[in-house]
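Model, not experiment: these values are computed from the prediction. No hydrogens, no waters, no symmetry mates; every other heavy atom, side chains included, goes into these values.
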Amino acid sequence: MAERSTAAVDVADNSGDEPLTAKADQSTADGVAQNRERDTDNDEAQGSNGIAGSAEKASTPELHSGHKLARRYRLEECVTRLDGFSSWRAVDEKLRRAVGVHVLPAHHARARSVLAAARSSALLGDPRFVQVLDAVDENDLVYVVHEWLPDATELTTLLSAGPLEPHDAYQLVSQVSSAMAAAHREGLAHLRLNPNAVLRTSTGQWRIRGLAVNAALRGISSDTPQRTDTEAIGALLYAALTQRWPYENDAYGLAGLPKDIGLIPPDQVRAGIHRGLSELSMRALANDGATASRHESPCTTPEELVKAIGEMPRIRPPEPAFTAPPEYQHTSYQQGTYGRPAPRPGATQPVPTPPPPLQSRTGKALKWAVSALLIAALGLGSWQLADALMDQGGKAGNDTQTQTQDGNEKNGNKPKPAQPIQIQGAREYVASGDAQAPEAVGNTYDGNSSTYWRTRRYNAGPRLAPYKPGVGIVYDLGSARTVTSASIALRYGGDHTTVHLYATDSLTPSTGVDGMKEIGTQTTSATSLTVKAAKSLKTRFVLLWITDVPQAPSDGYSGAGYKQAITDVKFTG
């Protein structure tokens with residue numbers, strides 16, 4: 001079950017005298033990993049006062065690939081091993097999915113704080129963070145199990161190819177700031193927010209890993225956690241705009257700023273940088289509590305940073321580039337030469353001899369016979385036309401009135417053509433158990449067929465029961481509309497996919513599927529289907545409900561199994 005190591009949890013260095021966001025990492029990932037996680041194997045840990053102290057040494061448990069924890073989590077690949085703990089890519093054999101695991105001895109000086117941090121992070125349940133799935137203390141070991149995201153790429157890897165586009169950088173700082181603001185409202189801080197801890201999924205969403213846990217693993221604390229995380233977000237934005245680390249030291253594969261020039265704005269490092277984003281990064285980056293920007297007040301908390309982002313004009317994505325069609329090539333077609341080989345220059349072309357006219361006695365007789373037949377046909381046609389006009393003369397008034405009335409009735413009863421219905425919003429509907437991919441529902445109506453919302457993988461099918469009664473999305477049509485049909489584009493074909501449409505009362509229905517009115521249903525083995533309304537219902541909210549999914553091959557998200565994904569949904573009414 002090969003997975004990309006970009007989903008491993010970062011546990012990087014916290015030593016030295018520079019701010020936490022300024023520290024350089026060194027690679028400690030195994031050579032098997034595709035995207036190596038960066039870390040620093042340092043024996044010192046820093047407390048809230050910034051003075052390095054000696055961390056208590058604890059022997060690392062004798063673990064190896066194939067070792068099982070709780071008879072469930074099979075360790076596959078060691079990603080990090082330092083300071084008395086190790087991090088692994090593993091397989092949850094019960095749910096048949098990849099996970100990440102941190103392991104340290106129960107007598108380790110930070111074991112209790114790691115367990116407490118993991119359990120607090122798990123209670124947050126915010127999908128913008130890589131989720132903690134389990135935190136266990138047993139058999140002289142403490143281990144924390146977390147999500148593994150095979151379709152995600154860390155910011156370090158993205159920046160190795162160059163700085164981000166303004167829209168991507170705007171989405172990065174906006175999503176990370178709002179996520180950290182939500183975490184701080186619940187009393188949780190990150191304190192290790194760096195390019196290794198921020199991931200971008202294949203759907204364009206940004207995820208944060210290691211909330212509270214990474215700092216606990218390295219014994220990091222802070223008297224001003226909101227200031228620390230806000231400065232880290234400013235450093236992330238600075239790096240995304242310039243491909244440079246905003247301190248003198250090189251870090252995370254990025255070159256630092258030249259020595260003795262201080263902290264200069266991003267638009268002075270590279271030309272063409274968005275001015276608003278440049279000023280925003282400087283407002284977040286502060287030294288000793290003093291803002292680096294001379295014109296705007298500093299942002300010292302993620303909440304203030306979110307407010308500052310909201311006051312900026314929204315940065316729209318770049319327009320898609322279309323390839324210009326080739327220039328029209330004029331052709332010089334000449335009658336009689338199409339499809340024939342071109343003559344050699346200078347060659348004399350023979351002139352075709354026209355066929356001889358019908359000059360013989362037989363030819364003349366044939367011409368007279370044809371002429372006689374034409375005259376007879378014209379005479380017969382004229383007689384029939386005159387007879388028809390005379391018969392219809394007396395009925396013209398009544399027929400005209402009747403035809404006019406019939407025509408008016410037909411035009412009045414002519415059905416109106418179907419009109420597309422614009423989708424105003426959507427939300428995943430969870431009848432039981434866990435959600436599938438709530439952050440990706442917008443991909444089903446964004447007009448981009450390459451993006452999608454997907455279900456999880458199931459071991460049996462096509463029917464999802466007994467795992468789940470079904471999975472689906474509730475769509476907001478903006479106002480009450482009569483839905484006549486829905487066109488749905490699917491990612492996987494095969495036997496078979498069944499889709500139902502239900503009229504419901506809101507994006508969060510007050511009743512289960514059994515209490516909703518069904519609009520229509522359809523089953524297909526192809527990659528698209530059209531569900532036509534079996535009855536006329538007027539509703540603002542429509543639930544697209546999937547009860548059967550086909551067998552699909554392995555892909556970047558999960559292995560082979562029963563699953564489905566929706567790329568486009570369009571309603572007409």
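Between the side chains of S449 and D568, no donor N or O sits under 3.5 Å from an acceptor N or O. Q226 and T230 share no side-chain donor-acceptor pair at under 3.5 Å.
We find the CG-CG distance between N194 and L236 to be 7.5 Å, quoted to the nearest 0.5 Å. Taken to the nearest 0.5 Å, the CZ atom of R244 stands 8.0 Å off from the CG atom of D250. To the nearest 0.5 angstrom, I220 atom CD1 is 10.0 Å from H190 atom NE2. Atom CD of E165 sits about 11.0 Å away from atom CG of L241, to the nearest 0.5 Å. Expressed to the nearest 0.5 Å, how far CD of E186 lies from CG of L124 amounts to 6.0 Å. With values rounded to the nearest 0.5 angstrom, L237 atom CG is found 8.5 Å from L285 atom CG.
Relative orientation of the F571 and Y475 rings is perpendicular, given thresholds of 30° and 60° on the angle between their planes.
Taking both residues in full, the closest heavy atoms of S65 and W88 are given as N-CZ3, 3.9 Å, listed atom of the first, atom of the second, then distance. Nearest approach of A215 to L191, heavy atoms of both residues: CB-CB, 3.9 Å. Considering every non-hydrogen atom in both H167 and I315, the closest pair reads CD2-O, 3.1 Å. The shortest heavy-atom contact between A183 and F129 is CB-CZ, 3.9 Å. A440 approaches W453 most closely through the heavy-atom pair O-CB, 3.6 Å.
Salt-bridge formation is detected for the pair R110/D83: a Lys NZ or Arg NE/NH1/NH2 atom is positioned less than 4.0 Å from an Asp or Glu carboxylate oxygen. Salt-bridge formation is detected for the pair D137/R112: a Lys NZ or Arg NE/NH1/NH2 atom is positioned less than 4.0 Å from an Asp or Glu carboxylate oxygen. Under 4.0 Å is where a charged nitrogen must lie from a carboxylate oxygen, and between E303 and R185 at least one such pair does.
In this structure, the side chains of L543 and P509 stay at 4.5 Å or more apart for every pair of heavy atoms. With contacts defined as side-chain heavy-atom distances shorter than 4.5 Å, the pair I546/I566 qualifies. Side-chain contact check for Q205 versus P127: every heavy-atom pair is 4.5 Å or farther apart. Using a 4.5 Å heavy-atom threshold, the side chains of T504 and W545 count as separate. Between V114 and F85, every side-chain heavy-atom pair lies at or beyond the 4.5 Å cut-off. A 4.5 Å side-chain heavy-atom check between E147 and L133 finds at least one atom pair inside the cut-off.
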May I have the step-by-step check of salt bridge (charged side-chain N to carboxylate O under 4.0 Å, His left out) for D434 and R456, ending in yes or no?
CA-CA 10 Å; D434 297 330; R456 295 181 183 271; 5.2 Å; no
Salt bridge (charged side-chain N to carboxylate O under 4.0 Å, His left out) assessment of R209 paired with E154:
CA-CA 10 Å; R209 61 187 176 190; E154 65 183 24; 2.9 Å; yes
Kindly indicate, with the supporting measurements, whether the criterion side chain to side chain donor-acceptor pair (under 3.5 Å) is fulfilled by T156 and N196.
CA-CA 6 Å; T156 306; N196 292 334; 2.6 Å; yes
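Heavy atoms of other residues, nucleotides or ligands lying less than 6.0 angstrom from CZ of R427 number 12 at most.
Q175 places no side-chain N or O within donor-acceptor distance of the main-chain N or O of Y170, the cut-off being under 3.5 Å.
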